[in-house]
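Input: one structure, supplied below.
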Number of protein chains: 2
Amino acid sequence: MTPETRSTPRSNTQRALDELRDLIFSGDLPAGSDHLEVELAQRLGMSRTPIREAMLTLEAQGLVEVRPRKGFRILSLSAEDMEEIYQILTELESLAAERAAARGLSEADLAILAQAIADMDDALSSEDRIAWAKADDRFHAELVRLGGNARVAAIVGMYNDQVRRARATTLYMRPLPHQSNADHRAVYAAILDGDQETARKTHAKHRTNASRLLTELLQRPGMKHL
Amino acid sequence: MTPETRSTPRSNTQRALDELRDLIFSGDLPAGSDHLEVELAQRLGMSRTPIREAMLTLEAQGLVEVRPRKGFRILSLSAEDMEEIYQILTELESLAAERAAARGLSEADLAILAQAIADMDDALSSEDRIAWAKADDRFHAELVRLGGNARVAAIVGMYNDQVRRARATTLYMRPLPHQSNADHRAVYAAILDGDQETARKTHAKHRTNASRLLTELLQRPGMKHL
DNA sequence: ATATTTGACAATGTATGCATTAATTGCGTA
DNA sequence: TACGCAATTAATGCATACATTGTCAAATAT
């Protein structure tokens, strides 16, 4: 845990990328706010160049918008954006579930998935929503990994980043997600069974429900953008 | 068609992005080749900075890989890569077809789609494969547009770019795509009918067939990478 | 008062130079 | 000959300076 255990001296561009992501996800750079190159450069203690380069990558990932004389705008997501993203997540994760089921994976292969489910159960009993959200993240990330399509995993990861803020906001607005855990177990079972169709459909239903819940919460007055 | 009709004097970074894309798609920068910053800078008549910035964007889009002292590598696609990409295209285009069917679109809304189909028919009768490929592109682009999810359209567009080289190569290796045209018409009819399930399944089958054909051709000896 | 033009300013786009560092080559030694 | 080490080289990472250009505001004309 020492501060300087890093062997590779990461480039400033890389640091800028990581730190800017953190600033965005933490809400330190709020959605909708604008930021000039010099401002961010000073803030991170480097020159404009690595900031620009990091911002280009973040733009390609859909997190910011470059507005030539107005600075970088941290993109906010409307309810419609959220629906678009959830459609994609539903679709691609369901594909991953189907493919995972098709691969004839053993219980050992599914250990991480099983662990994530167990962690979610624990988190639910202790009503620890943050721990639950983290385990849920792990479940979904591992699911797309098991799907065996690296590009699907990358896209899903990217969009999960984008909705992270929204999920954090709604985490305490929703009831405890008992149904989610049941869904996860059903998906797990279908994958282990090699039942592609069930894996896909079960997961699709799970995601569709989650999506509906989220968008309903987000459409409450005063929640316009995140 | 005058060379200087452009009102906005596009930035060099933008030009670099466009021209590098063209060089890649045209095969002028062959898949697998490495290129240094200075080389490309000289080639495009600008300094290293806009080249670097363009390359970062291209890297985020999966077209090149930045290899710190070895130059930028133009990524080649193996048969496995192609399968990954086609899985995604199948999935997201089928989603688009379903959503398009759900939107209650009128015949007028589907005019571009219908035109693309007609163009493909014409191209088939005259056995003009290039015209067919272009119309096919238009059909798929319009389909995802009609799906109403801009992010889906963006992803599909990106991956279509990536497989363009492969499709060009195989264009003359395959039989004339009569079945494709029948598929397209079926998808069109389902969308007009508002039959979501048929739209999705029909398009999925269409894409799966196309994918199988392509990957078989690509697995012929001597075709390793594209 | 409103619209328009001009001008100053400020932010970005781009080029360039320097420091850093990985790769490579050549040399010495076993 | 083969191996390892050191020096050289070359490419990039980053900072910085400068040119360009959009923006804003003040001033003028209608």
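Note that this is a predicted model, so its numbers are computed, not measured. Here is the naming used below: chain letters follow the sequence lines, and residue numbers restart at 1 for every chain.
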Just by distance, with hydrogens left out, do A/Arg151 and B/Gln162 show a side-chain donor and acceptor under 3.5 Å apart?
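B/Gln162 and A/Arg151 do not have a side-chain donor-acceptor pair below 3.5 Å.
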What is the distance, rounded to the nearest whole Å, between atom CE of A/Met55 and atom C1' of C/dA11?
14 Å
Whole angstrom value for the distance that separates P of D/dA15 from CG of A/Leu40
14 Å
Given D/dA15, C/dA11, C/dT20, identify the nucleotide with an atom nearest to the side chain of A/Pro50.
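Taking heavy atoms from C-beta onward, the closest nucleotide is D/dA15.
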Between C1' of C/dT12 and CD of B/Gln14, the distance in whole Å:
15 Å
Check against salt bridge (Lys or Arg N to Asp or Glu O under 4.0 Å), B/Lys134 and B/Asp119
CA-CA 9 Å; B/Lys134 283 188 184 166; B/Asp119 290 348; over 6 Å; no
Answer yes or no: does a side-chain N or O of A/Thr13 lie under 4.0 Å from OP1 or OP2 of D/dC14?
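Looking at the OP1 and OP2 atoms of D/dC14, one of them is under 4.0 Å from a side-chain N or O of A/Thr13.
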With no hydrogens and no angle check, is any side-chain donor or acceptor of B/Thr90 less than 3.5 Å from a backbone partner on B/Tyr86?
yes
Name the nucleic acid region contacted by A/Glu53, choosing base, sugar-phosphate or nothing; use a 4.0 angstrom heavy-atom cut-off, strictly under.
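Here A/Glu53 touches no strand at all.
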With respect to the side chain of B/Arg52, which nucleotide from C/dT12, D/dG13, C/dA15 is positioned closest?
D/dG13
Integer-rounded Å distance: D/dG13 P and B/Ile51 CD1:
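Between P of D/dG13 and CD1 of B/Ile51: 14 Å.
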Can you measure B/Gln42 atom CD to D/dA11 atom P for me and round it to whole angstrom units?
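Computing the B/Gln42:CD to D/dA11:P distance gives 11 Å.
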Length of the line joining B/Asn12:CG and D/dC18:P, which is rounded to integer Å
20 Å
Atom-to-atom span, CZ of B/Arg10 to C1' of D/dG22 - whole angstrom
19 Å
Rounded interatomic separation in angstrom, taking CG from B/Leu17 and C1' from C/dG13
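My rounded result for the distance is 15 Å.
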B/Arg48 side chain, from C-beta outward: closest of C/dT20, D/dT16, C/dG17:
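Given the options C/dT20, D/dT16, C/dG17, the side chain of B/Arg48 is closest to C/dG17.
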Taking only the side-chain heavy atoms of B/Lys70 (C-beta and beyond), determine which of D/dT12, C/dA23, D/dC14 contains the nearest atom.
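The nucleotide sitting nearest to the side chain is C/dA23.
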Indicate whether OP1 or OP2 belonging to D/dC14 is found under 4.0 Å from a side-chain N or O atom of A/Thr49.
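A/Thr49 to D/dC14 OP1/OP2: no side-chain N or O under 4.0 Å.
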How far does CG of A/Leu17 sit from CE of A/Met55, to the nearest 0.5 angstrom?
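Rounded to the nearest 0.5 Å, the CG-CE separation comes to 10.0 Å.
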Sub-3.5 Å donor-acceptor pair from the side chain of B/Ser11 to the main-chain atoms of B/Gln14, do we have one?
yes
Could you check which of D/dC14, C/dT14, C/dT12 has an atom nearest any side-chain atom of A/Ser47?
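It is D/dC14.
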On DNA chain C, nearest-nucleotide positions of B/Arg69 versus A/Val66: which is more 5'?
A/Val66
